[in-house]
2 protein chains.
Amino acid sequence: MRNSGAGRREAILRAAAELFAERGFRGVSIEDLGRAVGTTGPALYRHFPSKEALLAEVLLDISERLLHGGEDRVAAHPDPADALDALLHGHIAFALDEPALITVHDRELGSVPPEPRHRIRRLQRAYVEQWVAVLARLRPGTAEPVLRTALHAVFGLLNSTPHSAGELDRDRMADLLFRMARTALLTAAE
Amino acid sequence: MRNSGAGRREAILRAAAELFAERGFRGVSIEDLGRAVGTTGPALYRHFPSKEALLAEVLLDISERLLHGGEDRVAAHPDPADALDALLHGHIAFALDEPALITVHDRELGSVPPEPRHRIRRLQRAYVEQWVAVLARLRPGTAEPVLRTALHAVFGLLNSTPHSAGELDRDRMADLLFRMARTALLTAAE
DNA sequence: CACTGTTGTTAATGCTCATTAACAATGTGG
DNA sequence: CCACATTGTTAATGAGCATTAACAACAGTG
């Protein structure tokens, strides 16, 4: 084969994230995916057992990267205020650098089959709870349901950036999001 | 007919919004829609020319309600700070009372055929520009691209609430969102 | 060089689904 | 009571698409 190798699998995952973000899981055919990596559709089945399994792998990968990135940052910052800033910077960088991944991540969970869906949800929950723990140390007086709700809202704020066409350059965008998200969170937690 | 009348059309629109929000436009069949209003699938074609036209009507209706609701509120409040608060309260009420509509509104535009899509986009743009105008009066020093970007982010924050399962009751939720969105916006605009 | 695992290709297969056809029931205005 | 417009129903029709089958090209290993 002219062009195979281990990279093919990664290329498929990348292309899938891009296409799923653009048109949605059901709006992309196996044939589309194949064409995007220079093969025909059915060739995909040499790498993934089904289209759904492919989506599951994309989401699993994203969730793991977010969670582990967060863990590293929290571990590196003993002070909760510093940890929060680090979490914000990490999430913002992810959202700005991988807009397709962020988009797929919060739109396509419903198309994943039950078993991997549970694993993905567990990772997402762990990611959120990490933020909750930091906020709880920073603002011990605030009830956890309030923190969780505020966090979901802030993720909505941060994850919306792929859809706002780039009127601002990356650095100004990152700074704006950081300041908005930070004050929104601190306002929520008195 | 045991149960027809003018209400059928509205019932279809309501059911469609609900189902599209839950499973996405492509995840809902004509047969599903029919069943949801107590008929068979093809009966829909007595009320709408196509599935896409049905979606377009849902989105058009939402966009118009948002825009006109906003216009009324802005007109009722000469002071820009009051107008901003009123816009926030209006959008929050809409998001909390009609979570399905808000969800469909910011996920399914891509499935609308070109012609109605343009009309919907125009309405959405007008809605945003209304907020921009209020913010520009309130914070004359801030560049419009910054305002627009901040607004998109705040809409992401507000529209995320359908997905955060109700850990808080409606009033506490509305208050939390209001405070977060308001400070986020005012922070963005210096 | 034969042997085998890997990765592709093209041609079925079969299902789902939007849309249309053909036909029925109801209710309304004449 | 009789057309006729409305709104349904069930049975095609036809497209799209995930998946599988059958077969080919190649790479590395003995």
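Below, read A as the first sequence line, B as the second, and so on, with proteins coming before strands; counting in each chain starts at 1. The structure displayed is predicted, hence computed values, not measured ones.
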- request: Whole angstrom is fine here: how far is it from CZ in A/Arg26 over to C1' in C/dC15?
  value: 15 Å
- request: Provide, to the nearest angstrom, the distance between the NZ atom belonging to B/Lys51 and the C1' atom belonging to C/dT20.
  value: 17 Å
task: Grab the CG-P distance between A/Leu44 and C/dT6 for me, whole Å please.
output: 18 Å
A/Glu52 CD - D/dC17 P separation (whole Å): 16 Å
message: For a side chain to side chain contact (heavy atoms under 4.5 Å, CB included) check, start with the C-alpha distance between B/Arg35 and B/Thr40, then their side-chain angles and the critical distance, and finish with the verdict.
response: CA-CA 6 Å; B/Arg35 194 178 309 120; B/Thr40 61; over 6 Å; no
query: With the threshold set at 4.0 Å, does a side-chain nitrogen-carboxylate oxygen contact exist between A/Glu10 and A/Arg14?
result: no
task: Look at the side-chain N and O atoms of B/Arg9 and state whether any lies under 4.0 Å from the OP1 or OP2 oxygen of D/dT7.
output: no
task: Compute whether any side-chain donor of one residue and acceptor of the other, for A/His105 and A/Gln124, lie under 3.5 angstrom apart.
output: yes
- request: Check whether any side-chain heavy atom of B/Phe178 lies under 4.5 Å from a side-chain heavy atom of B/Asp85, and answer yes or no.
  value: yes
message: So, does B/His47 get its side chain near the phosphate of D/dG8, meaning an N or O under 4.0 Å from OP1 or OP2?
response: yes
field: Interatomic distance, B/Ile30 CD1 vs C/dA18 P [rounded to whole Å]
entry: 5 Å
query: Are the side chain of A/Glu52 and the backbone N or O of A/Pro113 linked by a donor-acceptor pair below 3.5 Å?
result: no
task: Calculate the interatomic distance between A/Leu54 atom CG and D/dT19 atom C1'; express it in whole Å.
output: 14 Å
statement: Students should find that the end-to-end axis angle of the helix from C/dC1-D/dG30 to C/dG30-D/dC1, with five pairs defining each axis and rounding to 10 degrees, is 10°
field: Phosphate OP1/OP2 of D/dG8 contacted by B/Arg8 side-chain N/O (<4.0 Å)
entry: yes
message: Could you check whether B/Thr187 and A/Thr183, counting side-chain N and O atoms only, form a donor-acceptor pair closer than 3.5 Å?
response: yes
message: If you assign each of A/Gly41 and A/Arg46 to its closest nucleotide in DNA chain D, which residue comes earlier from the 5' end?
response: A/Gly41
field: Any donor-acceptor pair under 3.5 Å from A/His91 side chain to A/Leu87 backbone
entry: no
statement: B/Ala43 has its side chain closest, among D/dT9, C/dT9, C/dA18, to D/dT9
query: Taking atom P of C/dT19 as reference, at what distance in whole Å does atom CD of B/Glu31 sit?
result: 14 Å
- prompt: Below 4.0 angstrom from OP1 or OP2 of D/dT9, is there any side-chain N or O of B/Thr40?
  reply: yes
query: Whole-Å distance between D/dT6 P and B/Tyr45 OH?
result: 20 Å
